[in-house]
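In what follows, a structure is listed as structure tokens, so that the remarks can point back to it.
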Amino acid sequence: MTKILITGGAGYIGSNLLKSISNNNFDVTVVDNLMFGQNDNILKKISNFKFVKGDVRDKPLMKTLIKNNDYIIPLAGIVGAPLCDKMPKEAQEINSDSIRFICENTSKDQSVIMPVSNSGYGVGEKNKYCDENSPLNPVSLYGKTKVEAENYIMEKENSISFRLATIFGVSEYRMRTDLMVNNFVSIAFQKKKLKLYEPEFRRNFVHLTDVSSAFLYSMKNFEKMKNNIYNLGLDDANMSKLGLCNKIKEYIPEFDFEIVIGEKDPDQRDYFVSNEKLKSKGFEAKVQLDTGIRELINYFEKREI
Ligand SMILES: NC(=O)c1ccc[n+]([C@@H]2O[C@H](COP(=O)([O-])OP(=O)(O)OC[C@H]3O[C@@H](n4cnc5c(N)ncnc54)[C@H](O)[C@@H]3O)[C@@H](O)[C@H]2O)c1
């Protein structure tokens, strides 16, 4: 039976991944320090796996856990630029140093599949799509730690790095409303005003279930995919922030956003991303932004009741 270790498995992506892979014949172990006060008893109902409450910086623990697994999927992290700015020491140790430790302590027969952020593209060129060979130019500590982590992963034989677009969609176990689409829909739903800075800035988005499907696909097609970096985003969701707001307004007509001229967004990311390389290996993100927006509205409606 294929053995998988998922670090940070009690998070937004991890808990969804556990659900997606539950029908496969995998022996899964999750290690997570439950830093958001997640309830591991609820998590255990998602799927059948071993849960270890622990910290990925605990080297003896990690050495024991890494051993005997075929795949390591490191999801534990201090995620997003604002949180990394609040916790810079932890961001460095968890997002970057712990990945180096995993790479140094896996044999060449063990495989690592890791999500990094396409934040590394920072500010892309106008009228050009960033591909995996585009220069990396991270504009935040978060982006920098993820670029370092990817460098460690790529030095290791038998590894895959997914440069993820900003994810959207509902994760019932650990919801994130700080991600751009989730955040804007939440604001629109609560009929709050949104000040939109630098509305022409471009981003790429991807649905949470497509991310889980890509992980599963890469394990099933590891030989043809290994030792590579892939952008993972939805082609139809390469859009500006203004485009996103207009799309949300189709579903919530009273969404009141105000374009602010002449002021900078603290988040300076601005890029479109090409997902062609991953498509050439047979995987394509499919869940549309419209589906995600409807799903999010439904989620917020249920919570209101
Ligand atoms: N969500 C996105 O849009 C996105 C995009 C690109 C990359 N990623 C990457 O995917 C990974 C998971 O992101 P997410 O959205 O699920 O975030 P998340 O915050 O929901 O999950 C992170 C998990 O790691 C755990 N954790 C934190 N520090 C730990 C430590 N020291 N030891 C053990 N566990 C620890 C947390 O408890 C949490 O369950 C991160 O590496 C992130 O950088 C996410």
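Atoms within each ligand, like the ligands themselves, are counted from 1 in listed order. Positions are given from 1 along the sequence.
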ask   = What about P74: any of its N or O atoms under 3.5 Å from an N or O on ligand 1?
value =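 No, there is no polar N/O contact under 3.5 Å.
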
query = Polar-atom distance check: I13 versus ligand 1, any N or O pair below 3.5 Å?
reply =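 By distance alone, the answer is yes.
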
Please identify which atoms of ligand 1 are closer than 4.0 Å to at least one heavy atom of [X].
X	answer
Q38	37 (O), 38 (C), 39 (O)
G11	16 (O), 20 (O), 21 (O), 38 (C), 39 (O)
M35	27 (C), 28 (N), 36 (C), 37 (O)
S117	6 (C)
R174	18 (P), 19 (O), 20 (O)

Indicate yes or no for a side-chain donor-acceptor contact from [X] to the backbone of [Y] under 3.5 Å, with no hydrogens or angles considered.
X	Y	answer
E155	C103	no
S212	T209	no
E93	S98	no
K67	M62	no

ask   = Under 3.5 Å, is there a donor-acceptor pair between the Q190 and S186 side chains?
value =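 Side-chain D/A pair, Q190 to S186: present.
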
Can you label the angle between the [X] ring and the [Y] ring as parallel, tilted or perpendicular, going by 30° and 60°?
X	Y	result
F222	Y71	perpendicular
Y230	F162	tilted
F257	F255	tilted

When you check the gap from the basic side-chain N to the acidic O, do [X] and [Y] get nearer than 4.0 Å?
X	Y	answer
K286	D210	no
R294	D290	no
E150	R163	yes

ask   = Applying a 4.0 Å heavy-atom criterion (strictly less than), which segment of V116 is in contact with ligand 1: side chain, backbone, both, or neither?
value =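 For V116, only backbone atoms sit under 4.0 Å from ligand 1.
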
ask   = Where does L34 meet ligand 1, judged by heavy-atom distances below 4.0 Å: at the side chain, the backbone, both, or neither?
value =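 It is the backbone that touches ligand 1; the side chain stays farther off.
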
query = Sequence neighbours excluded, which residues qualify as side chain to side chain contact (heavy atoms under 4.5 Å, CB included) partners of V147?
reply =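 Listed in chain order: L136, P138, N151.
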
Which residue and atom name correspond to the protein heavy atom nearest [atom], and how close is it?
atom	value
atom 17 (O) of ligand 1	V79 CG2, 3.4 Å
atom 40 (C) of ligand 1	L75 O, 3.4 Å
atom 32 (N) of ligand 1	V56 N, 3.0 Å
atom 35 (C) of ligand 1	N33 OD1, 3.1 Å
atom 39 (O) of ligand 1	D32 OD2, 2.7 Å
atom 1 (N) of ligand 1	R176 NH1, 3.2 Å
atom 41 (O) of ligand 1	K146 NZ, 2.8 Å
atom 42 (C) of ligand 1	Y142 OH, 3.4 Å

query = Within less than 4.0 angstrom of ligand 1, does I94 place any heavy atom?
reply =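 True for this residue.
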
request  = Consider ligand 1: state whether an atom of it lies below 4.0 angstrom from any non-hydrogen atom of G54.
outcome  =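 Checking ligand 1 against G54, which is what was asked, there is a heavy-atom contact under 4.0 Å.
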
ask   = If you measure from atom 4 (C) of ligand 1 to every heavy atom of T166, I167, V52, which option wins on shortest distance?
value =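 Looking at heavy atoms only, I167 sits closest to atom 4 (C) of ligand 1.
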
